[in-house]
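In what follows, a single structure is set out as structure tokens and then discussed.
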Amino acid sequence: MLLFMIICLLSLVSGLPVEHQENTPAWVDVCGGSFLFSEDTKTWHDAAGNCELYGSHLAQIDTMEKNFCLLEYAHIQEITVGWWWHSGNDLDSEGVYRQFDGKLLQWQPIWFPDDPNGSTGENCLVVRLDVSASSGKWGDYPCTSQAPY
């Protein structure tokens, strides 16, 4: 009975049911920034909007070093979901990749074979964070696809 009361009290204090606490995403300070890995899937625009609700934006991967740092963090955390949205896109001009801050992509990512290949139908970028032969590679997806962010 005492254990039940403690669990209920913890639930009230945290504001979340106890069974959901371990699955609740949390901000982590890694790779020179603060990131929230959400396995919730949304379209690119909805994911970007959700990030704005937190006062943030989709991950901006500015260097190969940051790309590999995020990949290594994902491996350490045993993240098993493959493709994740980030802020890279060519929405304004086909083939001209920009980040959240509007700056041009200043480095050449390792692309998934045959990507980018979507022409004007695939303008939003993803990065592969699981442990696979495609780990760390980028791809272009339709912005209306669902992916974690």
Side-chain angles (χ1 to χ4, degrees), residues 10-149:
L10 286 173
S11 178
L12 288 173
V13 170
S14 71
L16 292 173
V18 172
E19 65 270 10
H20 295 292
Q21 288 181 9
E22 67 184 50
N23 296 328
T24 302
W27 290 95
V28 292
D29 293 323
V30 294
C31 309
S34 190
F35 295 87
L36 178 69
F37 290 81
S38 175
E39 290 186 17
D40 181 32
T41 60
K42 295 190 179 300
T43 67
W44 189 86
H45 292 288
D46 288 346
N50 200 44
C51 290
E52 288 177 11
L53 292 175
Y54 288 104
S56 191
H57 54 81
L58 289 170
Q60 182 165 319
I61 305 173
D62 290 323
T63 64
M64 184 69 78
E65 179 182 11
K66 184 173 277 187
N67 194 75
F68 286 140
C69 182
L70 290 170
L71 178 61
E72 184 174 50
Y73 174 81
H75 289 177
I76 290 168
Q77 297 301 310
E78 298 179 352
I79 290 176
T80 59
V81 178
W83 296 103
W84 293 68
W85 291 127
H86 61 85
S87 72
N89 68 82
D90 65 347
L91 290 165
D92 292 335
S93 184
E94 183 60 31
V96 179
Y97 294 97
R98 296 184 182 277
Q99 297 281 21
F100 164 79
D101 62 7
K103 292 182 181 173
L104 293 171
L105 192 62
Q106 298 289 314
W107 61 285
Q108 180 64 42
I110 301 170
W111 291 97
F112 186 73
D114 299 325
D115 275 352
N117 64 358
S119 187
T120 57
E122 296 183 359
N123 292 332
C124 297
L125 301 183
V126 288
V127 62
R128 186 94 189 199
L129 294 181
D130 64 352
V131 178
S132 72
S134 300
S135 293
K137 293 183 175 148
W138 286 25
D140 60 338
Y141 268 22
C143 300
T144 55
S145 294
Q146 300 275 322
Y149 53 98

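Source: prediction; values computed, not measured.
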inquiry  = Donor-acceptor check, side chain of Asn123 to backbone of Cys143, threshold 3.5 angstrom: yes or no?
reply    =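 No, Asn123 side chain to Cys143 backbone: no donor-acceptor pair under 3.5 Å.
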inquiry  = Donor-acceptor check, side chain of Glu39 to backbone of Val81, threshold 3.5 angstrom: yes or no?
reply    =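 It does not hold such a pair.
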Identify the heavy atoms of [X] and [Y] that sit nearest to each other, and give their distance.
X      : Y      : value
Trp107 : Ile61  : NE1-O, 3.3 Å
Trp85  : Ser145 : CZ2-O, 3.2 Å
Pro148 : Ser38  : CB-O, 3.3 Å
Gln60  : Asp62  : NE2-OD1, 3.1 Å
Trp111 : Asp140 : CZ3-N, 4.5 Å

Considering only distance and modelled atom types, tabulate donor-acceptor pairs under 3.5 Å from the side chains of residues 68-77, sequence neighbours left out.
residue : atom : partner : partner atom : Å
His75   : NE2  : Asp130  : O            : 3.0

Between atom [atom1] of [X] and atom [atom2] of [Y], what is the distance when rounded to the nearest 0.5 Å?
X      : Y      : atom1 : atom2 : value
Asp90  : Thr120 : CG    : OG1   : 9.0 Å
Asn117 : Phe112 : CG    : CZ    : 9.5 Å
Tyr149 : Asn50  : OH    : CG    : 3.5 Å
Glu52  : Phe100 : CD    : CZ    : 6.5 Å

inquiry  = Is the distance from the ring center of Trp84 to that of Phe35 below 6.0 Å?
reply    =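 So the answer is no for these two rings.
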query = Sequence neighbours excluded, which residues qualify as salt bridge (charged side-chain N to carboxylate O under 4.0 Å, His left out) partners of Asp46?
reply =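 Expected list: none.
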ask   = What residues form a salt bridge (charged side-chain N to carboxylate O under 4.0 Å, His left out) with Lys42, not counting sequence neighbours?
value =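 With neighbours one apart ignored, the set is Asp40.
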key: Residues forming a side chain to side chain donor-acceptor pair (under 3.5 Å) with Ser134, sequence neighbours excluded   =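 Ser134: no side chain to side chain donor-acceptor pair (under 3.5 Å) contacts found.
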Qualifying residues under side chain to side chain donor-acceptor pair (under 3.5 Å), relative to Glu122, sequence neighbours excluded =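 Checked Glu122 against side chain to side chain donor-acceptor pair (under 3.5 Å); zero matches.
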Side chain to side chain, [X] and [Y], heavy atoms closer than 4.5 Å:
X      : Y      : value
Pro116 : Tyr97  : yes
Thr43  : Gln146 : yes
Leu58  : Trp44  : yes
Met64  : Ile110 : yes
Trp27  : Ser56  : yes

inquiry  = Checking Asp115 against Tyr141 for the side chain to side chain contact (heavy atoms under 4.5 Å, CB included) test, could you report, in this order, the C-alpha distance in whole Å, the side-chain angles of both residues, the deciding distance, and whether it holds?
reply    = CA-CA 9 Å; Asp115 275 352; Tyr141 268 22; 5.8 Å; no
Test log, rule side chain to side chain donor-acceptor pair (under 3.5 Å), inputs Gln99 and Asp101 = CA-CA 5 Å; Gln99 297 281 21; Asp101 62 7; over 6 Å; no
task = Only pairs at least two apart or in different chains count here, so list each salt bridge (Lys or Arg N to Asp or Glu O under 4.0 Å) that has a residue in residues 29-38.
result =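 Not a single pair qualifies under salt bridge (Lys or Arg N to Asp or Glu O under 4.0 Å).
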inquiry  = How about CD on Glu94, more than 12 heavy atoms from neighbouring residues, nucleotides or ligands closer than 6.0 Å, or not?
reply    =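 Counting neighbours around CD of Glu94, more than 12 heavy atoms of other residues, nucleotides or ligands fall under 6.0 Å, so yes.
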query = Is there a donor-acceptor contact under 3.5 Å linking the side chains of Trp138 and Asn67?
reply =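 Side-chain D/A pair, Trp138 to Asn67: present.
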